[in-house]
Chemist: 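Mind looking over this structure? Questions follow.
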Amino acid sequence: MTAIGVQTQKPHNHHRNMFFEMFLRVLITVSSALAIILSSISVCDGQWISTPEEPIFGVWDTCKKGSIQCSEEMAWLSQHMVLVRSTVSLAVVVAIFGLELLMVSQLCEDGHSHKKWNMGSVLLVISFFLSSTGTLTYAILLKDFTDLGSFTLLFWCQFVGVFLFFLNGISGIYFSRLIA
C-alpha cells in the first residue's frame with residue numbers, strides 16, 4: 001500500500017516540478033528576448049549622449065578630420081568608436097544565437113536539449129561580456145565630455161540590456177545545473 005501511495009503522489013510532484021521548470025525556462029527566454037530588443041534598438045539608433053552645449057555624439061555618429069564641426073579631440077574619439085560599435089553589435093548577434101538555442105531546446109525535447117540550453121546560456125554570458133565592454137568603453141571614452149545626466153534613454157536601455165544578458169545567462173546556467 002505504501003508503494004501505491006508513493007506512486008500516486010510521485011506523478012503529482014512531477015507535474016508540479018514540470019510546471020515550475022517550464023515556467024522558469026519561458027521566463028528566462030522571454031527576458032532574454034526583451035534584452036535583445038532593448039540592446040538592438042539602442043545599438044541601431046546609437047544616440048547615447050546628449051549635451052546642451054554639444055550636438056549629440058552617438059555610437060554611429062562620426063566626424064571626419066578637417067570638418068568644420070569636428071575638433072581634433074572628436075576625430076580621435078570617432079576613430080576609437082570602432083571598438084564600441086564592433087563589440088555592442090557583435091553582442092546582439094551572439095545574443096540572438098543564444099536565444100535561438102534556448103528556444104530550440106524547449107521546442108525539440110531530445111537528448112541534446114540540455115546541451116542546447118547550456119550553450120544558449122553561455123552565449124548570453126558571452127554577449128554580456130561583449131556588450132558591457134562596448135558600453136563601458138563608450139562611457140570611458142566620453143567621460144571628459146559628459147556627466148551622468150547627459151546619457152539618453154537609449155544608453156540606459158543598453159545598460160538594462162547588458163544587465164539582462166548577465167542575469168539570464170547566469171540564471172540559465174544555474175537552472176540547467178539545478179535540474180540536471
Chemist: Are any side-chain N or O atoms of S89 and backbone N or O atoms of S86, one a donor and one an acceptor, separated by less than 3.5 Å?
Modeler: no
Chemist: List the steps and the verdict of side-chain contact (heavy atoms from CB on, under 4.5 Å) for I126 and F97.
Modeler: CA-CA 11 Å; I126 291 171; F97 284 118; over 6 Å; no
Chemist: What's the spacing between S32 OG and M103 CE if we round to 0.5 Å?
Modeler: 10.5 Å
Chemist: Is H114 atom NE2 crowded by more than 12 heavy atoms from other residues, nucleotides or ligands, each under 6.0 Å away?
Modeler: yes
Chemist: In Å, rounded to the nearest 0.5 Å, how long is the span from CG of L90 to OG1 of T133?
Modeler: 10.5 Å
Chemist: Check whether S176 reaches the backbone of G172 with its side chain - one donor and one acceptor, N or O, closer than 3.5 Å.
Modeler: no
Chemist: Do you know the tightest heavy-atom contact between G161 and A35?
Modeler: O-CB, 3.9 Å
Chemist: From L124 CG over to I170 CD1, what is the distance, rounded to the nearest 0.5 angstrom?
Modeler: 10.0 Å
Chemist: Answer yes or no: is there a donor N or O on one side and an acceptor on the other, between the side chain of W48 and the main chain of T152, under 3.5 Å?
Modeler: no
Chemist: Taking Q106 for its side chain and R25 for its backbone only, find out whether a donor-acceptor pair lies under 3.5 Å.
Modeler: yes
Chemist: Quick check: closest heavy atoms across L83 and T137, and the distance to 0.1 Å?
Modeler: CD2-CG2, 3.7 Å
Chemist: Determine, stepwise, if the pair S127 / V92 fulfils side-chain contact (heavy atoms from CB on, under 4.5 Å).
Modeler: CA-CA 7 Å; S127 181; V92 171; over 6 Å; no
Chemist: If hydrophobic clusters are built from ILVMFWY residues whose side chains come within less than 4.5 Å, do I37 and V93 share one?
Modeler: yes
Chemist: Quick one: does any side-chain atom of D45 pair with a main-chain N or O of I41 as donor and acceptor, under 3.5 Å?
Modeler: no
Chemist: Would you kindly confirm whether V125 and L164 end up in one hydrophobic cluster when ILVMFWY residues are joined by side chain heavy atoms under 4.5 Å apart?
Modeler: no
Chemist: Linking I/L/V/M/F/W/Y whenever their side-chain heavy atoms sit closer than 4.5 Å, directly or via other members, would F175 and F23 fall into one cluster?
Modeler: yes
Chemist: Is the ring pair W156/F159 parallel, tilted or perpendicular, if the boundaries are 30 and 60 degrees?
Modeler: perpendicular
Chemist: Could you tell me the separation between the CG atom of N168 and the CZ atom of F166, rounded to the nearest 0.5 Å?
Modeler: 10.5 Å
Chemist: Output, in order, the C-alpha distance, side-chain angles, deciding distance and verdict of side-chain contact (heavy atoms from CB on, under 4.5 Å) for K116 and D110.
Modeler: CA-CA 10 Å; K116 291 175 191 172; D110 58 357; 3.8 Å; yes
Chemist: Drop me the distance from L101's CG to N118's CG, to the nearest 0.5 angstrom.
Modeler: 10.5 Å
Chemist: Verify the neighbour count for atom CZ of F129: are there more than 12 heavy atoms of other residues, nucleotides or ligands below 6.0 Å?
Modeler: no
Chemist: I need the minimum non-hydrogen distance between L141 and M81, along with the two atoms involved.
Modeler: CD1-CE, 4.1 Å
Chemist: Closest approach of S113 and C108, non-hydrogen atoms and distance?
Modeler: CB-O, 3.6 Å
Chemist: Going only through I, L, V, M, F, W and Y residues with side-chain contacts under 4.5 Å, is there a path from L142 to F155?
Modeler: yes
Chemist: Would you say the ring centers of F128 and F165 fall short of 6.0 Å from each other?
Modeler: no
Chemist: Would you indicate whether the side-chain heavy atoms of V104 and M119 approach each other to under 4.5 Å?
Modeler: no
Chemist: Roughly how far, to the nearest 0.5 Å, is CD1 of I173 from CG of L178?
Modeler: 13.5 Å
Chemist: So with a 6.0 Å cut-off around CZ of F163, is the heavy-atom count from everything else above 12?
Modeler: no
Chemist: Using only atom types and a distance under 3.5 Å, with no angle test, would you say the side chain of S31 pairs donor to acceptor with the backbone of I28?
Modeler: no
Chemist: Report yes or no: do V122 and I36 belong to one cluster of Ile/Leu/Val/Met/Phe/Trp/Tyr joined by side chain heavy-atom distances under 4.5 Å?
Modeler: yes
Chemist: For a side-chain contact (heavy atoms from CB on, under 4.5 Å) check, start with the C-alpha distance between Q158 and V88, then their side-chain angles and the critical distance, and finish with the verdict.
Modeler: CA-CA 9 Å; Q158 175 66 16; V88 295; 3.9 Å; yes
Chemist: Are the side chain of S131 and the backbone of V162 linked by a donor-acceptor contact shorter than 3.5 Å?
Modeler: no
Chemist: Any side-chain heavy atom of Y138 within less than 4.5 Å of one from T87?
Modeler: no
